[in-house]
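Worksheet: one structure, shown below.
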Amino acid sequence: MKIGFFDSGLGGLMIMKSCIDVMPEYDYIYLGDTLHVPYGGRSKEAIYAFSIAAVEELFKRDCQIVVMACNTASAIILRKLQQEWLKENYPDRRVLGVVVPTLEAASEKGHKKIGLIATAGTVESDVYRAELNKIDPDMVITSQPCPLLVPLIEYGRREWVGPILGDYLQPLITANVESLILGCTHYPLLKGEILAQLYGTGTELISQDEIIPYKLKDYLERHSDMAEKLSKKSSQQFLVTDLTPTYSATAERIFGTPLHLEKVTV
Ligand code: DGL
């Protein structure tokens, strides 16, 4: 059986790529819901319905574990999906989110003042703050929604990012955050621009492409019942719910190699 990665769009390719780099032996399937991206401003009901359809498609394609790489979906509907739909329909499979592992990594740094940049949906859900409170109530999080960043990345308009990013990061710089969580699949692509804006502040980045591979590896080591079911043929498959030349170009830019994207209806 395989490891699935689900994202609202193409940004999650970066997280899957970094997992492949660390654990190349497994079989991977990516599903990007490009038909409905971005999820950042959508209702909980829509995100729930889209996510269930996508995860079900990955399960039908023999995934034992699905990593919900999308922060917006992880923040807004993961708990409900795990406690209701998954329990009822696929009790022996797993859907893993990215919020708690990211916060654990933030806590491991020993910093107390944490910043978060994410979609409006993720910030409004307040899930990062609520989960952080459970991990370490002494840690304080300052959150900033950045709704314009995903569309700029998806459409390849990086030249507009600098001034917009400067505006978004100012409240976090004013709050003197020690670490900044890049709480969206797409933001690791902007590491260079973000570090340039934070130059001289001493703020460290917490980037999911660097965290999730090790958290997933650790999960598989702790859950041998899951790990034993995974096949090891080093295969990779890439699915999208809508396919255009722009999506193909963006996917290759993010993944870093030529890709064959297959369009599926979920
Ligand atoms: N994948 C989403 C996330 O990580 C970003 C793109 C979107 O808004 O759908 O939050």
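Numbering of ligands and ligand atoms starts at 1, following listing order. Since we're looking at a predicted model, the values are computed, not measured. The figures here come from the full heavy-atom set of this structure, side chains too, leaving out hydrogens, waters and symmetry mates.
- Val100 and Leu78 are not part of a single hydrophobic cluster, where members link through side-chain heavy atoms under 4.5 Å apart.
- Residue Cys70 has at least one heavy-atom neighbour below 4.0 Å for each of these atoms of ligand 1: 1 (N), 2 (C), 3 (C), 4 (O).
- If you number the atoms of ligand 1 from 1 as listed, the ones under 4.0 Å from a heavy atom of Cys184 come out as 3 (C), 4 (O), 5 (C), 10 (O).
- Counting protein heavy atoms only, atom 10 (O) of ligand 1 is closest to Thr72 OG1, 2.6 Å.
- Minimum heavy-atom separation, Thr122 to Ala75: CG2-CB, 4.1 Å.
- The nearest pair of heavy atoms linking Pro213 to Gln208 is CD-O, 3.9 Å.
- Ligand-side atoms of ligand 1 in range of Thr119: 5 (C), 8 (O), 10 (O), range being under 4.0 angstrom from any heavy atom.
- Heavy-atom contacts of Val150 reach the following atoms of ligand 1: 5 (C), 6 (C) (cutoff under 4.0 Å).
- With salt bridges taken as basic N to acidic carboxylate O contacts below 4.0 Å, none links Asp225 and Lys229.
- Ring centers of Phe255 and Tyr30: at least 6.0 Å apart, outside the cut-off.
- Close approach of ligand 1 to Gly40 (heavy-atom distance below 4.0 Å) involves ligand atoms 7 (C), 8 (O), 9 (O).
- The nearest protein atom to atom 1 (N) of ligand 1, hydrogens excluded, is given as Asp7 OD1, 2.6 Å; this is a heavy-atom distance.
- Smallest separation of non-hydrogen atoms from Ser207 and Lys191: OG-CE, 3.1 Å.
- For the pair His186 and ligand 1, the shortest N or O to N or O distance does not fall below 3.5 Å.
- Side-chain contact check for Ser235 and Asp27: at least one donor-acceptor pair (N or O, by modelled atom type) lies under 3.5 Å.
- Considering only non-hydrogen protein atoms, atom 6 (C) of ligand 1 sits nearest to Ser8 OG, 3.4 Å.
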